[in-house]
Structures are given as structure tokens and as C-alpha cells.
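Since the structure comes first, as C-alpha cells, the remarks are kept for the end.
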Protein chains: 2
Amino acid sequence: MYSAAMSTQEQLGTQERLVRSTQELLWERGYVGTSPKAILERAGVGQGSMYHHFSGKSDLALAAIRRTAEGMKETAEECLSAPGTAYDRIAAYLQRERKVLRGCPIGRMTQDRDVVQSPELRAPLDEMFGWLQGRITEVLAEGQRRGELAAGPDPAALAAAVAAVVQGGYVLARAADDTAPFDAAVRGVLMLLATQVTVDAPGTVETADAPRTGTTN
Amino acid sequence: MYSAAMSTQEQLGTQERLVRSTQELLWERGYVGTSPKAILERAGVGQGSMYHHFSGKSDLALAAIRRTAEGMKETAEECLSAPGTAYDRIAAYLQRERKVLRGCPIGRMTQDRDVVQSPELRAPLDEMFGWLQGRITEVLAEGQRRGELAAGPDPAALAAAVAAVVQGGYVLARAADDTAPFDAAVRGVLMLLATQVTVDAPGTVETADAPRTGTTN
DNA sequence: GTCTATATCCCGATAGAC
DNA sequence: GTCTATCGGGATATAGAC
């Protein structure tokens, strides 16, 4: 493992190359759209190798999905455990750099019949989104206790809304072939979270000045 | 057209049966997962018929997607143009009966490579979501003018957030194989919209009592 | 207009040599 | 462990009879 930061896969083991190629292809084409042949070609290995290390397409997909879900948790945790107020940390999560037009590699799996119908393949998705909502709930609840956020709303419901805005933002952006709807949705939900604590009376709202988003693609 | 309200397709024309079967299959399996053969079997027609009326799979899919998008606009418009306050109408749209675990038939297309890469096939998605966000923006802006909603936040950004919550709610629900995350996300965003007008000071929020959702599946 | 037959290719998996 | 050869089946489209 002394060459972890490479751009190609040339020096990695066969098994590792297969998993990474599958991760990429599942992201790009989904489960039904990804063939073992395409995986082999991208990984640069023969068919026999794949069936030696994995029992088949679904087994390889399982390894790839698990890996991707773990990575997503780590990325999210970095934002959510950063220093700052609850609002800051939620904003950091929502505005972190994303390949918006490529969509969410985990959320995408959700639209694949074969994936959701298989308890094994769906489990990592369920676990990942469950963890995410729980983690956001904790941050929001802490913010409410500290008085950084309005104390009324159910933190779990707000957390679901925050997570949904991200996933739905991807959908709207891909439909428009433009990242603008994603950025707008994020801005919208942040405005709502922010104005909760700065409102004095109906009609006279001081909107929080949300920092710009960092979407690239 | 004197038998529009039937459950089966038996008395419909061949062309119409093909379009409806395609609508169903695209919803269930997506574009890559839907084969001409499956469409023919469901429609109960032979292969020659299909290639007589349509030039191929993508042409048929285009007709089906357009039809589905039109239907979605009509359903949404019913909620958004109903009597009541702006909040009521947004709530009606968010809580209307949905087959949550089946996902959004239009949003799903967004995850299909072949669809988003084709300008023709993507156009109906873009048009539909663009219209939806515009329509929600109008309702929110009107609510702000009437003092039903806090006047500060950008209505277009809020509209994007509302639309994103629906699409993301589907994703979270399918990952969990449970409608609960969808309902929670809807509740969350409604709480935020509602508390905007009832907040007096930080820490003492009167949350609006959102009516129950009507999800079935 | 609708049907069946056929063509060509790719899918996912297995067999067995090296 | 990795390779190539091969299998049975399905995808998408065309040809041509009726």
C-alpha cells in the first residue's frame, strides 16, 4: 500500500482494480447498464480473473457499493464534525465540492431495480442514508440545544429534508443539464434554516448571507 | 375516445397500447432496463406493429416520456391552483397521494445515461421540472406578497428546495424500502416554511401543525 | 397494419488449458 | 491466478409474407 495516490490503476492488484472499475461504471451507467465485459476492459484483466475473485456481477457490485458507501460516510463526516456552529457544519456539508451533474453514486443505485430488490445490495444504501440522517439529526439537535437554531422543529424531520435536498438537487440538475437547480435548492434550505433564528416578526426577515457553493461539475 | 376510463388496454388502439406499456416499463425498469420485446409482450402486439408506428426504442420512449411529463404537470397544477393559502397549496402538493416506493417516473429518467445524453429525450424532463419550479415560485411569491409567508427568502431558491425534497424523498425512501424518510423530509420542509411566519424570538418557536401525509405505497 | 423469420451482436456464466 | 474458447439466451433491428 505504498502507492495509494495514483491516477491510474496500473500498479494495483487485480482484485482492487476490479472493484475500482466497478465503482466507476456503476456511477456512470448504473447496475443494469454495467456489464462484466465493460468492467474487465476498464480493469485490464481477463474474464477468468474476475470469476476467480468474485462469484459474479452482483458479488462484485456488492463490494463496489460497500466501498463507495464507506467513502461517502467519511467525506460527510469531515464536514459534519468540522469546527463551527451547527448551521456552519450543515452548510459545509451541503456546499462541499460535488460532481453535481454526475449525480450521487449511492443515490443512483436507488433507481436500479435489481439493486433495491436484492436485500444484500440495498443494505449498504440503507445503512449509509440511515447513518447520514442520524448524523445530521445530531448536529441539528446540538444546534438547537446551544440556541444556534430555533428549538421547535423535529431535528430528525429537518435532517431528512436536508438529505433529501441533496439527492433531489442532483435529480433537478441532471434534468436541466445544469448545476444551477442544485445550488438553488441548497440555498433555499439554508435560507430556511438561517431565517429561523433571525426572524423578528412576519414580513421583516433578515436573511442570512449564505456563502457561495463550491460545485465544479 | 368514448372509453377513456378503463383498467386494461384491450380496447385501445395499437399505438396507444404501445405508449402506455412503455410508460409503465420505463417507470418500473428505466430506459436501459426496458426492451422492445418486453413492451410488445405487455402491449400484446407483434414486433412489426411497433416498427410500423415508431422508428425504434428511443422514439417510443420519447412519446412515453412526453405523455408522462404532461400527466405530472396536470396533477401538480391541481394541487398548486387549489383554493387556500400559499402554504396550503405547497402542502397539498407535497402531501398528495404518491406511490413513494415506486419513485418518480420522470425523476427516474434522470438517472439513465442514454436519456440525459440525448437532447431529445432529456427535453421533456427539463421542461417539466422547469415548469414545476416556476409554478412553485409563483405560489411562494404570491404568499409572500399576501403576508402568508415570510418576505425575505428568494422564492425561486425555496421552490427548488421544495421540488428537491420530493425527488430526494423518493431516493431516501427507496434506499430504506420504507416511505418514512419521504414523509419525514416533507414534514421537515413544511415545518421550516411554517415557522417562518410564526417565530417571535430565537428559542421560542410555535411549529405549525402540519396535516398528515397521504402516501400509500 | 400486422405478423413471423432472421440477422447480428452483447450479456452473464462456465470449461478447461496454461 | 489468469487466460481463451464456448455456451445459451436476449437485445435491437430488418426483411418480407400476408
Side-chain angles (χ1 to χ4, degrees), chain A residues 1 8-65 109 111-118 120-121, chain B residues 1 8-65 108-109 111-115 117-118 120-121:
Chain A
M1 287 282 168
T8 73
Q9 304 182 344
E10 264 145 45
Q11 297 199 36
L12 296 166
T14 300
Q15 206 171 342
E16 185 64 22
R17 287 209 305 274
L18 285 166
V19 172
R20 296 195 186 188
S21 298
T22 307
Q23 287 182 276
E24 293 174 13
L25 284 164
L26 287 179
W27 193 5
E28 293 170 17
R29 310 187 189 175
Y31 184 81
V32 265
T34 296
S35 66
K37 191 186 173 196
I39 296 170
L40 300 175
E41 279 168 2
R42 186 164 301 205
V45 306
Q47 209 155 9
S49 274
M50 172 182 143
Y51 285 102
H52 173 76
H53 292 290
F54 300 93
S55 69
K57 177 180 173 177
S58 68
D59 188 33
L60 187 40
L62 180 59
I65 292 174
M109 294 294 98
Q111 303 297 333
D112 236 304
R113 229 189 173 220
D114 296 359
V115 173
V116 272
Q117 280 189 351
S118 154
E120 263 207 316
L121 290 178
Chain B
M1 284 282 170
T8 73
Q9 305 183 343
E10 264 147 44
Q11 296 198 35
L12 296 167
T14 300
Q15 207 172 343
E16 184 63 23
R17 287 209 304 274
L18 285 166
V19 172
R20 296 197 185 187
S21 298
T22 307
Q23 287 183 277
E24 292 174 14
L25 284 163
L26 287 180
W27 194 5
E28 293 169 16
R29 311 187 189 174
Y31 185 81
V32 265
T34 296
S35 67
K37 191 186 173 197
I39 295 171
L40 301 175
E41 279 167 3
R42 185 164 302 203
V45 306
Q47 209 155 8
S49 274
M50 172 183 144
Y51 285 101
H52 173 75
H53 292 289
F54 300 93
S55 69
K57 176 180 173 176
S58 69
D59 187 34
L60 188 40
L62 179 58
I65 291 174
R108 187 201 224 293
M109 293 296 97
Q111 304 296 333
D112 237 303
R113 227 189 176 223
D114 296 357
V115 173
Q117 280 189 350
S118 154
E120 265 208 312
L121 290 177

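In what follows, chains are A, B, ... by sequence order, proteins preceding strands, each numbered from 1.
- Taken from CZ in B:R42 to OG1 in B:T22, the straight-line distance is 9.5 Å, to the nearest 0.5 Å.
- The heavy-atom pair separating A:V115 from A:L121 by the smallest distance is O-CB, 3.8 Å.
- With hydrogens and angles ignored, the 3.5 Å screen pairs no side-chain donor or acceptor of B:S118 with any backbone N or O of B:D114.
- Note that CD of B:Q47 and CD of B:E41 are 10.0 Å apart. Values are rounded to the nearest 0.5 Å.
- Of the residues in residues 55-65 of chain A, A:G56, A:K57 come within less than 4.0 Å of DNA chain C through at least one heavy atom, sorted by number.
- Sorted by residue number, the members of residues 45-54 of chain A with any non-hydrogen atom under 4.0 Å from DNA chain C read A:Q47, A:Y51.
- With hydrogens and angles ignored, the 3.5 Å screen pairs a side-chain donor or acceptor of B:R17 with a backbone N or O of B:L12.
- Extent of DNA chain D lying under 4.0 Å from chain B heavy atoms, first and last nucleotide in 5' to 3' order, is D:dA11 to D:dT14.
- Atom OG1 of B:T34 is separated from atom CD of B:E24 by 11.0 Å, given to the nearest 0.5 angstrom.
- In this structure, A:K57 and A:Y31 have side chains that are in contact, with non-hydrogen atoms separated by less than 4.5 Å.
- For the residue pair A:M109 and A:I65, the shortest heavy atom distance occurs at SD-CD1, 3.9 Å.
- In terms of modelled atom types and a separation under 3.5 Å, the side chain of B:R20 and the main chain of B:A43 share no donor-acceptor contact.
- A donor-acceptor contact shorter than 3.5 Å links the side chain of B:R108 to the backbone of A:Q111.
- At whole-Å resolution of the value, NZ in A:K37 and P in C:dC9 are 11 Å apart.
- Distances shorter than 4.0 Å separate some side-chain N or O of A:S35 from OP1 or OP2 on C:dC11.
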